[in-house]
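Notes to accompany the following structure.
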Amino acid sequence: MRSRKQRSPRRQAIGVRASLALLVIGCILPMAVVAAFLIVDFYTRERAQLLASTVTQARAIMAAVDSGFARTEAALLALGTSHQLQRGDLAGFHSRAVEAQADMHADGIVLIDPDGRLLLSTRRPYGERLPKLASAPLLKRILATGRPGVSDLFPSPVDGQLIYTIGVPIRRGADAAMTLNATATPARLAGLLAERSLPRTWRVAIVDGSGKIAARSHDIERFVGRPTTSALQRQLALADEGGFETTTLDGIPVYSVFSRSATSRWSVALGIPLDELTAGLRRSLAWLIVATLAALAAGLGLAWRIGGGIARSVQALAGPAAAVAAGVVPEIPPLALREANELGLALQQAAASVRTAQAERRESEQQLALAAEAARLGIWVRDLVQGKVWVSSSWRELFGFLPSEQISVAALLQRVHTDDCAAVRRVLALADTGERYEIEYRVALPQGGLRWVASRGSCETGGDGKPRLVRGVALDITQRKLAELAMQQKQREVTHLARVATLGELSGALAHELNQPLTAILSNAQAAQRFLRQATPDLDEVGDILADIVAEDQRAGEIIRRLRRLFDKRETPLQPAAVNPLVIEVLRLLRNDLLSHGVALSTVLGAEDAHVLADSVQLQQVLINLLMNAVDAMAMTDAGARAIGVRTGLDDEGWLRISIADCGSGIPNDALDQVFAPFYTTKDSGMGLGLSICRSIVAAHGGQLWAENNPDGGASFHVRLPLAAAAETAAP
Ligand code: ADP
């Protein structure tokens with residue numbers, strides 16, 4: 001799980017070249033997109049402008065056509081007023097019309113009566129019989145409106161050629177009696193288109209009022225007279241001006257712009273090939289693509305070269321970096337990048353520092369080893385991951401292992417004294433969980449003999465927080481330990497002596513106490529003798545007397561046993577002891593002494609059933625000492641006022657407290673702690689050891705002993721002890 005996590009960033013890592021390539025792409029592509037957008041936007045505006053100007057052109061062509069029609073109309077109107085026509089001299093008018101026709105840009109002039117009969121045509125000699133018009137919409141319109149007009153294309157009744165006419169009414173009185181028409185072939189309009197010098201690729205058409213093509217920029221012969229595209233016809237039906245995409249009759253996709261004349265109803269349509277319209281855009285976009293690709297290629301090429309340079313510089317530092325860890329100052333080849341050179345320099349400095357640090361570490365390790373050897377300090381390291389143990393030579397010496405012997409935890413445990421084995425196992429297990437430890441234990445040396453060793457160790461954790469190795473030191477403390485044991489022995493002896501001394505003080509009272517049962521036994525025995533000397537001894541009475549003797553003897557025996565226990569030098573292990581019975585036994589022991597000193601005793605035994613782990617005899621010794629001191633302290637107190645209060649109970653923290661209060665001299669405040677110092681005494685015959693021994697006994701029981709003065713005179717001594725746990729109390 002962990003290793004997968006560690007590997008994943010490496011799998012994602014990309015090289016310098018790829019990074020730079022991404023940078024290049026990241027810079028160029030957005031610019032290309034923006035440029036494309038700007039180009040398209042520019043061409044959209046251009047196209048809109050072009051189309052707007054094309055509408056103007058269409059309008060201009062239409063205006064030119066209309067003005068041609070208007071000029072012809074004006075000329076016809078002028079001709080219509082000629083006196084030959086007014087006089088009805090048609091022959092003369094024919095000649096006049098032939099002359100006028102040349103200036104009129106017309107192919108012929110015809111005079112038509114209201115029935116559609118041609119009265120004369122300049123294209124025929126005067127007098128020749130002329131045909132009648134089949135249908136004459138223009139004639140009808142002119143006669144109806146009395147205004148000039150332009151016809152659509154139609155085949156000439158004279159020679160069948162496609163023509164259009166411009167007609168004006170000839171009035172006789174108020175009404176139009178005839179129409180005078182100028183006829184022209186579409187070729188005249190074609191000339192007009194040629195004059196406009198429009199782009200050759202554009203398709204231009206002039207369309208008559210009925211939607212037929214009157215003139216065209218291309219293929220005029222093929223298309224003239226044919227209806228224009230239905231798309232244009234539809235647009236013309238909707239509006240007089242506009243633009244739309246369509247396909248011309250010769251199949252070219254164009255954007256067509258048209259304008260229709262309001263007077264003649266003829267139209268002009270301009271078709272710009274779509275190809276042409278988008279050619280610029282396509283060309284610009286193509287250039288953009290080419291430029292982008294070229295920039296990309298150049299950028300990527302550059303990125304590849306620069307990236308290669310950086311990669312080589314970085315890779316060239318990999319070897320030197322590895323050398324740093326070994327403390328070797330690496331050679332740095334000249335590198336292309338300044339930063340890489342600086343890094344190389346830093347690596348060299350780091351290597352020098354590492355080397356110095358390693359030298360210093362070696363030196364300090366040597367010093368440490370020397371110090372450890374001098375102090376006979378054994379050093380050991382236990383690798384929890386690999387399960388290996390390393391120890392110094394002093395350690396081997398300490399535990400009696402030969403230099404060649406393999407060290408393991410099991411081998412160590414074999415050396416440990418059997419009584420200490422469990423404790424050593426426990427602390428080793430603790431160390432495995434990352435805890436610090438300290439322990440003192442005995443080592444059974446293979447060559448015989450015991451050695452006391454103090455060992456302490458602590459655990460180091462790895463990056464994952466798990467214990468990795470335990471390091472520690474072991475020190476030979478045999479001398480100290482032996483001295484300590486000797487000291488303890490001495491202390492025990494002193495304690496015993498103190499106890500004997502205490503008992504010496506008690507002996508008067510004890511003699512008195514023993515005296516009572518012995519006197520009772522004696523008088524009972526004498527009484528029995530008397531009874532037995534009678535003639536008829538009362539055996540029942542003798543039996544009772546003997547029972548009393550046995551009881552008194554048992555009492556004396558009990559007193560002697562108690563004394564023997566106190567004299568006993570043996571140390572007994574700590575055992576659960578009921579507190580109140582223990583206190584009562586001490587008070588019973590001292591009862592006579594207290595009585596003989598005239599001391600009134602009051603007890604409040606509150607800690608019922610309380611047990612403490614104790615050496616009962618030692619604890620009794622403490623209480624006897626405190627009570628005897630209390631009696632001593634009241635030597636100067638009035639006989640009637642001597643009193644000692646003994647109290648047992650639990651304090652706020654659930655510990656047992658035994659307090660002994662007197663109403664004696666009390667203790668000077670600055671001596672409240674001093675009284676516990678060894679050899680501190682205010683008594684002529686005192687040794688000053690009692691309280692000091694008491695305090696060390698209580699401390700050995702895990703408790704405290706202290707003194708304080710009572711508010712109403714006298715001193716109190718308090719013993720505070722931890723209660724025995726329920727499980728311990730239950731033990732036998
Ligand atoms: P010793 O009894 O031999 O003097 P202790 O160590 O028992 O030695 O007592 C030391 C001193 O403490 C005593 O000499 C006395 O001055 C003082 N002391 C002990 N108990 C009391 C007490 N109950 N009231 C006043 N002083 C006391």
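Counting convention: from 1, in listed order, for ligands and their atoms alike. The first residue of the sequence shown is numbered 1, and numbering continues consecutively from there.
- In the vicinity of I667, heavy-atom distances shorter than 4.0 Å reach the ligand 1 atoms 25 (C), 26 (N).
- You'll find the side chain of T603 stays beyond 4.5 Å of the side chain of V583, heavy atoms only.
- Taking the centre and axis of the six-membered ring of F399, the NZ or CZ atom of R415 falls outside the cone set by 45° and 6.0 Å.
- Residue, atom and distance of the protein heavy atom nearest to atom 10 (C) of ligand 1 are Y680 O, 3.1 Å.
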Donor-acceptor pairs under 3.5 Å, side chain of residues 387-397 to any protein atom, not counting sequence neighbours: which ones?
unit_1: S392; atom_1: OG; unit_2: I379; atom_2: N; d: 3.0
unit_1: S392; atom_1: OG; unit_2: W395; atom_2: N; d: 3.4
unit_1: S393; atom_1: OG; unit_2: E373; atom_2: OE2; d: 3.1
unit_1: S394; atom_1: OG; unit_2: E373; atom_2: OE1; d: 2.8
unit_1: S394; atom_1: OG; unit_2: E373; atom_2: OE2; d: 2.7
unit_1: R396; atom_1: NH1; unit_2: L402; atom_2: O; d: 2.8
unit_1: R396; atom_1: NH1; unit_2: E405; atom_2: O; d: 2.8
unit_1: R396; atom_1: NH2; unit_2: E405; atom_2: O; d: 3.2

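- Among the atoms of A633, none of the N or O lies under 3.5 angstrom from an N or O of ligand 1.
- Polar contact check, N629 against ligand 1: a nitrogen or oxygen pair lies under 3.5 Å apart.
- Nearest protein heavy-atom neighbour of atom 23 (N) of ligand 1: D662 OD2, 2.8 Å.
- Within the 4.0 angstrom cut-off, atom 16 (O) of ligand 1 has one or more protein heavy-atom neighbours.
- Around atom CZ of R451, more than 12 heavy atoms belonging to other residues, nucleotides or ligands sit under 6.0 Å away.
- The shortest N or O to N or O distance between K683 and ligand 1 is below 3.5 Å.
- Under a 4.0 angstrom heavy-atom cut-off, G688 registers as being in contact with ligand 1.
- Atom 4 (O) of ligand 1 has as its closest protein heavy atom T681 OG1, 2.5 Å.
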Show me, pair by pair, the donor-acceptor contacts under 3.5 angstrom made by side chains of residues 527-540, not counting sequence neighbours?
unit_1: D538; atom_1: OD1; unit_2: D540; atom_2: N; d: 3.2
unit_1: D538; atom_1: OD1; unit_2: E541; atom_2: N; d: 3.3

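- The side-chain heavy atoms of F676 and S692, taken from C-beta on, include no pair separated by under 4.5 Å.
- Numbered from 1 in the order shown, with element, the atoms of ligand 1 that lie under 4.0 Å from a heavy atom of M687 read 3 (O).
- Taking atom 5 (P) of ligand 1 as the reference point, the nearest protein heavy-atom neighbour is L691 N, 3.7 Å.
- The closest donor-acceptor contact from the side chain of D464 to the backbone of K466 lies under 3.5 Å.
- The nearest non-hydrogen atom to atom 25 (C) of ligand 1, considering only G690, G666, A715, comes from G666.
- Residues Y437 and R426 have side chains not in contact (no heavy-atom distance under 4.5 Å, counting atoms from C-beta outward).
- The shell of residues lying under 4.0 angstrom from ligand 1, judged by heavy atoms, includes F717.
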